[in-house]
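Encoded as structure tokens, the structure appears first; notes follow it.
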Amino acid sequence: MAVERTLSIIKPDATRRNLTGAVNKCFEEAGLRIVAQKRILLTRARAEAFYAVHAERPFYSDLCDFMTSGPVVVQVLEGENAIAKNREVMGATNPDDAAEGTIRKLFAENVEANSVHGSDSPENAAIEIKFFFEDDEIVG
Ligand code: CMP
């Protein structure tokens, strides 16, 4: 297994409920290392650009509204098999389908306000990390 990096976002529903530390605890207990992290407010244009792949989906506009409704914490997580491991720790997109003990099962409010985002492939991880971080902001 290779050491990978993946992009994580703690979403506004979680920052609003002061769950940043609780979510980070889940990552660290799973062996993922937070090698970059910043709390930001996404502009509408930036949220639209980040989720451009979903532009044709019916939930796109609501999703961009939600992602700009409060602070998000963008992060780079590093570890063995980090992309798949993070997706395992997050659980299914819809908390109704998420396994017990996963972040979304524990904390998500619904399929939109689902507390966390994680890259779904090595290609997207590289693109998404670059979207938010300069190389010298990531310290492994
Ligand atoms: P995320 O992993 O950030 O990727 C796309 C996001 O769109 C997803 O998490 C959810 O927040 C949101 N999403 C996906 N499916 C739906 C849906 N059916 N209805 C509303 N929001 C959705």
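Ligands are counted one by one from 1 in listed order, and the atoms in each one are counted from 1 as well. Below, each value reflects all heavy atoms present in this structure, side chains not excepted, and no hydrogens, waters or symmetry copies. In this chain, residues are counted from 1 in sequence order. Since this is a predicted model, take the numbers as computed values, not measurements.
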In terms of atom number and element, which parts of ligand 1 are under 4.0 angstrom from non-hydrogen atoms of [X]?
{"X": "H117", "value": "1 (P), 2 (O), 3 (O), 4 (O)"}
{"X": "Y51", "value": "1 (P), 3 (O), 4 (O), 5 (C)"}
{"X": "R104", "value": "2 (O)"}

If hydrophobic clusters are built by linking Ile, Leu, Val, Met, Phe, Trp and Tyr wherever their side-chain heavy atoms come under 4.5 Å apart, do V73 and I138 end up in the same one?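 As far as the 4.5 Å side-chain criterion goes, I138 and V73 are not connected within one cluster.
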
Quick check with a 6.0 Å cut-off and a 45 degree axis cone: is K11 positioned over the face of F107's six-membered ring?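 No; the conditions do not both hold, so K11 does not lie above the ring face of F107.
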
Checking a contact table here: which protein heavy atom is nearest [atom], and how many Å away?
{"atom": "atom 14 (C) of ligand 1", "value": "F59 CZ, 3.6 Å"}
{"atom": "atom 9 (O) of ligand 1", "value": "K11 NZ, 3.0 Å"}
{"atom": "atom 6 (C) of ligand 1", "value": "L63 CD2, 3.8 Å"}

4.5 Å side-chain heavy-atom contact, [X] and [Y]:
{"X": "F132", "Y": "I40", "value": "yes"}
{"X": "N24", "Y": "Q37", "value": "yes"}
{"X": "I10", "Y": "L19", "value": "no"}
{"X": "I34", "Y": "L77", "value": "yes"}
{"X": "Y51", "Y": "H117", "value": "yes"}
{"X": "M90", "Y": "T102", "value": "no"}

Answer with yes or no whether M90 contacts ligand 1, where contact means a heavy atom under 4.0 Å from a ligand atom.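 No.
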
Has M67 got any heavy atom lying under 4.0 angstrom from an atom of ligand 1?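 It does not, in that no heavy atom of M67 comes within the 4.0 Å cut-off of ligand 1.
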
Using a heavy-atom cut-off of under 4.0 Å, does the side chain or the backbone of [X] touch ligand 1, or both, or neither?
{"X": "R87", "answer": "neither"}
{"X": "F66", "answer": "neither"}
{"X": "V111", "answer": "both"}
{"X": "R57", "answer": "neither"}

For N86 and G118, which heavy atoms make the closest approach, and how far apart are they?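 So the minimum-distance heavy-atom pair works out to ND2-CA, 3.6 Å.
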
Does T93 reach ligand 1 with a nitrogen or oxygen that is under 3.5 Å from one of the ligand's nitrogen or oxygen atoms?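 N/O-N/O distance under 3.5 Å: no.
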
